[in-house]
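All chains are named by letter (A, B, ...) in the order of the sequence lines, taking the proteins before the strands, and each is independently numbered beginning at 1. As the structure is a prediction and not an experimental result, all values here were calculated from the model.
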Protein chains: 2
Amino acid sequence: METKKVLLTEDEMPRQWYNILADIKMNPPLGPDGNPVSPEQLAPVFPMNMIEQEVSPERWFDIPEEVLGVYRIWRPSPLIRALELEKALDTPARIYYKYEGVSPPGSHKPNTAVAQAYYNKEFGIQQLVTETGAGQWGSALAFACAQFGLHCKVFMVRVSFDQKPYRKSMMTAWGAECVPSPSPDTKAGRDILEKDPDTPGSLGIAISEAVESAVSDTSGKTRYSLGSVLNHVILHQTIIGLEAKKQFEKIGEYPDVVIGCAGGGSNFAGLAYPFVYDKINGKEVAIHPVEPAACPTLTKAPFAYDHGDTAGYTPLLPMHSLGHTFVPPPIHAGGLRYHGMAPSVSQLVAEGIIEARAVNQLAAFEAGVLAARTEGIIAAPETNHAIAAVVEEARRAKEEGKQKVILFNWSGHGLIDLGSYDKYFSGELQDYPVGEHEFDETIAILEKYPKPQQLKSR
Amino acid sequence: METKKVLLTEDEMPRQWYNILADIKMNPPLGPDGNPVSPEQLAPVFPMNMIEQEVSPERWFDIPEEVLGVYRIWRPSPLIRALELEKALDTPARIYYKYEGVSPPGSHKPNTAVAQAYYNKEFGIQQLVTETGAGQWGSALAFACAQFGLHCKVFMVRVSFDQKPYRKSMMTAWGAECVPSPSPDTKAGRDILEKDPDTPGSLGIAISEAVESAVSDTSGKTRYSLGSVLNHVILHQTIIGLEAKKQFEKIGEYPDVVIGCAGGGSNFAGLAYPFVYDKINGKEVAIHPVEPAACPTLTKAPFAYDHGDTAGYTPLLPMHSLGHTFVPPPIHAGGLRYHGMAPSVSQLVAEGIIEARAVNQLAAFEAGVLAARTEGIIAAPETNHAIAAVVEEARRAKEEGKQKVILFNWSGHGLIDLGSYDKYFSGELQDYPVGEHEFDETIAILEKYPKPQQLKSR
């Protein structure tokens with residue numbers, strides 16, 4: 001029988017994270033004055049040990065024993081050969097996926113949540129505050145904080161809070177406090193509630209509430225936590241790709257194509273960056289972040305300076321952005337509805353080291369259902385976008401008669417997102433065709449900011 | 001660092017299931033005429049290859065390659081040391097759990113669903129019909145049927161169908177048909193709907209519908225499938241305990257205590273029977289099925305002949321039973337709400353080889369929340385009953401200063417059952433105190449049936 005799962009023992013788990021900043025050139029984040037942001041300016045928001053990771057050019061970071069101790073609950077995650085999907089596609093390609101749905105909250109998010117909880121605890125922090133849209137990130141941080149005895153408060157976008165009650169239940173089970181945003185707990189929330197008591201809320205508002213809540217705690221024992229986009233978040237996620245490389249070594253294979261869905265960029269980068277390192281050092285491997293066609297940051301937006309949040313509170317980040325006032329259509333992959341993209345992912349796309357793909361929602365669900373009925377696992381709607389790109393790649397391999405090895409990140413299971421599958425089956429889901437000048441208005445806003453330099457990393 | 005997870009490779013997965021019928025004496029099931037049921041009488045309901053497994057005294061059954069092929073999606077499942085729970089309890093006991101929540105539907109149920117789908121397919125069957133209460137079993141059979149290209153129809157108790165829509169969504173994603181029961185699709189369903197169009201349904205009605213639907217398909221290509229209680233179901237579940245034994249051998253340990261929650265008995269027996277085999281052969285090990293105090297089949301009911309279903313369609317089975325008209329209180333561990341118990345589990349309790357425990361609902365959730373916040377995994381409400389017994393055992397070990405090794409079956413995760421956690425936290429859950437003569441009426445019904453013989457297996 002052919003091998004289906006490639007496992008690593010706990011002893012074989014990587015002991016270091018990989019930092020892409022050692023190998024690429026990046027434009028710095030800019031403050032309100034147009035100058036690069038200093039670590040001190042970020043200190044009220046993040047603990048200094050995390051800020052150091054955010055800006056460090058060190059290639060390798062030791063993973064603390066305490067973090068490894070928690071990772072062991074579900075890591076190393078399996079590398080699984082999609083034998084049944086291959087059969088269904090009648091492709092000569094060999095398809096592998098790294099399955100991150102084995103974590104207790106069901107996605108890759110705890111890889112950084114656990115690290116962030118640990119470093120904040122080390123720094124003397126007692127409470128973490130964050131925002132969450134669909135709830136994957138909030139539940140991951142709740143899980144992580146329970147492991148280190150930190151209090152956790154999550155501002156959850158009201159419309160999701162009401163529509164996805166199980167996400168709040170998970171956070172409660174892990175001892176976190178989850179409130180719908182906008183809330184009466186912050187000035188930002190109160191101001192909006194006063195104007196519009198029935199607002200559905202937005203991620204932008206929730207970020208404002210979480211940041212305000214963190215920086216306004218005068219005890220100094222509270223910090224803010226973010227689940228994607230930033231360098232230190234992606235650093236922690238590289239455990240995925242580092243494990244995958246070890247697993248491929250075990251079976252004497254190496255991927256020709258590496259694929260991951262990309263919203264803020266962290267699950268894609270977590271899998272891909274150890275392979276990007278190889279590529280920068282001469283290895284031939286195609287690497288594709290996959291985004292929703294309805295929110296085509298990498299495929300349709302300029303590489304520019306923009307704010308990470310809707311309200312414009314964050315520093316200006318050098319990234320592909322549709323403009324921070326862009327409101328993505330209501331696709332069901334909530335984790336991919338983001339106007340920007342991780343600066344490092346953006347830089348790699350800008351340099352042509354990796355090449356983005358865009359996938360429509362219906363094609364994503366069609367591929368996800370095929371995967372569920374062959375591989376047996378029901379994927380998160382976000383992951384379905386990666387699967388759709390894999391299916392396309394496998395069909396191309398068949399046309400070309402090539403025995404390609406395809407690797408993708410199965411970033412999470414869809415058991416808390418089953419409502420979106422219901423809508424798919426009942427025909428209630430739609431694609432959102434993008435017109436020629438669709439994003440002109442929100443992109444125009446970027447004109448007023450400085451332009452990032454065109455840098456060459458290799 | 002101490003080892004947290006003990007893994008087996010695919011090659012180390014057991015190649016045979018263990019059949020307890022080789023090692024214990026059992027009273028036969030009886031037909032309507034009071035005589036032992038013949039295989040031929042069961043032929044319209046189950047395929048003959050499954051009936052042979054049901055009655056065979058062979059100790060070992062080879063697991064077909066095709067079944068191993070599907071098991072590999074998630075098996076071998078990890079044996080995990082509950083280091084953080086141990087710390088929280090400050091116990092000298094070493095606690096291990098076999099984690100079955102890694103399967104795609106999230107519980108142990110696919111261990112038999114996959115085998116049943118395979119054997120039915122082998123026998124030329126094209127459709128399986130079953131009933132489901134809370135939905136764990138229905139979704140497991142839907143998953144298994146997708147793997148072998150069988151059509152699957154599930155009658156789901158209406159109240160659960162309405163309250164737990166995600167279970168239906170899972171079945172749909174795997175291509176199964178899930179209808180609320182009672183339905184207009186069967187005579188049994190139509191009769192009840194005519195009398196009471198707003199009935200919430202019951203497991204008894206759903207069984208009647210599924211059996212009628214299976215036996216009335218004149219093509220001969222449809223059979224019925226059951227997810228617990230029967231010998232062949234438990235046979236398939238022994239892969240859990242057989243893996244656990246191999247994992248303990250790897251680390252040079254052996255459990256002093258083996259614990260599993262028990263509704264119909266299959267997850268308990270799946271873990272425990274390979275250890276029961278050792279016990280019958282002289283090994284010292286305490287083995288405890290744990291049931292809800294509100295449905296105390298093993299701890300308060302007689303060992304008697306009774307029907308497996310409410311309507312009295314099935315043969316009479318020799319088992320501990322509260323009487324087939326007993327309606328368990330609405331505890332949130334739906335999988336433990338059953339008036340009877342697997343005949344083999346009942347026989348072992350009757351002989352004193354294993355010893356049952358009963359746990360109240362609130363104590364179960366309290367233990368489950370402790371486990372979620374220490375071990376990080378949110379357990380199914382059923383599993384919480386096992387965890388409560390483990391906590392008790394670990395506290396006793398502390399009092400006695402004993403370094404006991406405790407093993408239990410973490411039969412499933414609770415991600416689709418989070419609503420019950422919400423109710424626990426909001427104080428809406430209650431215990432159901434059992435009065436002295438609580439079950440007199442439903443047990444009295446058993447008087448009219450033959451009495452099982454008192455058999456001695458060792």
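Residue B/Glu375 comes nearest to A/Ile73 through the heavy atom pair O-CD1, 3.3 Å, listed as atom of the first residue, atom of the second, then distance. For the pair A/Ile378 and B/Ala173, the tightest heavy-atom approach, listed with the atom from each and the gap, is CD1-CB, 3.8 Å. B/Pro104 and A/Leu415 make their closest contact through O-CD1, 4.2 Å (heavy atoms, listed as atom of the first residue, atom of the second, distance). Here the shortest heavy-atom pairing between A/Lys5 and B/Arg72 reads NZ-O, 2.6 Å.
Other residues, nucleotides and ligands contribute over 12 non-hydrogen atoms within 6.0 Å of the NZ atom of A/Lys98. Atom CD of A/Glu253 sits in a crowded spot, with more than 12 heavy atoms from other residues, nucleotides or ligands closer than 6.0 Å. Residue-environment remark: CD (B/Gln127) exceeds the threshold of 12 foreign heavy atoms within 6.0 Å. Few gaps surround NZ on B/Lys153; more than 12 heavy atoms of other groups in view lie less than 6.0 Å from it.
Residue contact with chain B, scored on non-hydrogen atoms closer than 4.5 Å, is absent for A/Leu370. Interface remark: A/Arg75 contributes backbone atoms only to the contact with chain B (heavy atom separation under 4.5 Å). With a 4.5 angstrom heavy-atom cutoff, B/Glu10 touches chain A only via side-chain atoms. Contacts between A/Thr374 and chain B at a heavy-atom distance below 4.5 Å involve the backbone alone (N, CA, C, O).
Rounding to the nearest 0.5 Å places CZ of B/Phe143 at 8.0 Å from CD1 of A/Ile377. The line from OH of B/Tyr421 to OH of A/Tyr166 is 12.0 Å long, rounded to the nearest 0.5 Å. Between the CD atom in A/Glu84 and the CD atom in B/Gln147 there is a gap of 6.0 Å [rounded to 0.5 Å].
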Run the numbers on B/Ile416 and A/Leu418 for side chain to side chain contact (heavy atoms under 4.5 Å, CB included), then give the verdict.
CA-CA 10 Å; B/Ile416 310 285; A/Leu418 282 163; 4.2 Å; yes

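Your options are A/Ala372, A/Ala146, A/Gly376, and the one with the most heavy-atom pairs under 4.5 Å with chain B is A/Gly376.
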